[in-house]
Amino acid sequence: MQATEETYLGHSLAPRIGEFIQIRRDIHAHPEMAFEEHRTAALVAAKLADWGYEVTTGIGGTGVVGRLRRGAGGEGDEGGRSIGLRADMDALPIVENTGRAWSSRNAGVMHACGHDGHTATLLAAARLIAEDVDFDGTLNLIFQPAEEGGGGALRMMDDGLFERFPCDAVFAMHNMPGLETGTFHFRAGPAMASSDYATITLRGVGGHGALPHTTADTVVAAAAVVTALQTVVSRNVDPLQSAVVTVGAMHAGKANNVIPDTATLEMSVRALDPQVRKLLKARIFELVEMQAASFRVKAEIDWRDGYAVLVNTPQETRFATRVAMEMFGAGRVNPEAKPLTGSEDFAFMLQKVPGSYFLVGNGGPGSPGACMVHNPGYDFNDEIIEPAARFWARLVSEYLKEPVST
Ligand SMILES: [Zn+2]
Ligand SMILES: [Zn+2]
C-alpha cells in the first residue's frame, strides 16, 4: 500500500471527522427547500474554495460545482479523465420531531431525507482528496438543488453542467435506513423507479341526490375508475416485472343529498423499466377514458412525466463495487442490492453519462438509524460520514489513476 493510501484510507480523516459532523448538524439545523438552498450552497462554496477548488455557483439555480484538476488532466490538458460525484442539498416540508439539539430552526422544513449528510460527506471527501489524494485528471464535485421532486439535476444539466464540466463517469450515494450502518449496496441496471403523476378530472351532471336518473354521477364513475385501475398492474404488466399504480387522493362532493358534477383523482405511477412505464401510461388513459364514457362522464387526464427509471451502467457499477470490496470487505458490501420503487433525479444524469448510484446503510432494524426517510423522526447517521467520505476519496484516486476495469 502506498504511503498516500495509508494516509487517506485511515489516519487523516478520523481525527478531524468532528468538523464534518458539525457541518452536517449545522446544515440540518438550517434546512432549505428546493431551489432555496442559498445558505447551504454558500457554505459549500466557501469550504470548497478554502480547500483549493475552482468553484462555480448558480448552476441550475442554487447548484454548485467544485473542480480540482491535477497531473496530465490539469490546466491546459483536455485529454485527462474526469469524474463527477454528486450530492443533493434540499430539505422537505415536514415538521421535525427528532428532539435533537440540532433540530430544524426553520419551522416546517426538515432534512428528513439525509441530504444534509450527503452534502457533509461530500465535503469531507473534498477536503480529504484536496489534502491527501494524488490523482491524474479532473474531479468535479456536483452539489445539486431540488432533488425532492424539483428536478434540480435536470436544471443543472439544462444550464450546461456536463458541457461546462465534462465527466467520463458520475456517481452518487444515498443513505438508507434499515440497512446496517456503513454497509454499501450496489446494483447494476435499473435500481430506482420512474415516477409519474396524473390528475384525473371527471365531469358529469350534478343534481339532487333523490333524482339520480337526472344526473351523470361522478362519484360512482370515480369509484369504478379506481377499481379498474387496480387491473393495470395485476392484468397488464408482466408478472415478472414491477410496477406501482397508486390513487393517493380522491375528491368529490360536499353533501349527502347532492350529486357532484366533478370528481378528481390524484395518482402516482412507478415502473422499473422504460417499456413498462409506457405501458402503464397507455393503459391508464384507455381505462380512465372508457370507464368514464360508460357512465356518461367526461375524463380529463393531466399527465406529468416525473423522474426517469434510474439505470446504473454495468462497468461503472462493477468498478465502484470492487473499490468498496477492497476497502471494506465482502461482509460490508452487497453487490446485488434489490431495486427500489422510490425515484431519484440522478436518473437524468445517468441518461447522459455512465455511472452508478448506490446506497449506504443508515442503521439496521431496531437501531435509531432505521427510522425511514421522509419521517418526522428521521435523522442522518453521522457514523456514515467517515467511511463514505473515504470511499469517495478512494473511488476518485482509483478512477483517475487507471482505466475502469471490468
Ligand atoms: Zn427524499
Ligand atoms: Zn433523498
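Index from 1, following the sequence. Ligands are counted one by one from 1 in listed order, and the atoms in each one are counted from 1 as well.
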**Fill in**
side-chain hydrogen bond (donor to acceptor under 3.5 Å, both in side chains) pairs touching residues 220-245, sequence neighbours excluded, are Asn236-Arg283

**Asked** What protein N/O/S atoms are found closer than 2.8 Å to the Zn ion (ligand 2)?
**Response** Cys113 SG, His115 NE2, His174 NE2

**Partners passing side chain to side chain donor-acceptor pair (under 3.5 Å) against Ser367 (at least two apart in sequence or in another chain)** = none

**Electrostatic pair Asp26-Lys47, nearest N-O below 4.0 angstrom** = no

**Prompt:** Got a sec: does the CD of Glu383 have more than 12 other heavy atoms crowding it under 6.0 Å?
**Reply:** no

**Item:** Residues in salt bridge (charged side-chain N to carboxylate O under 4.0 Å, His left out) contact with Asp90, at least two apart in sequence or another chain
**Value:** none

**side-chain hydrogen bond (donor to acceptor under 3.5 Å, both in side chains) partner of Glu32, chosen from Thr40, Asn106, Thr62** = Thr40

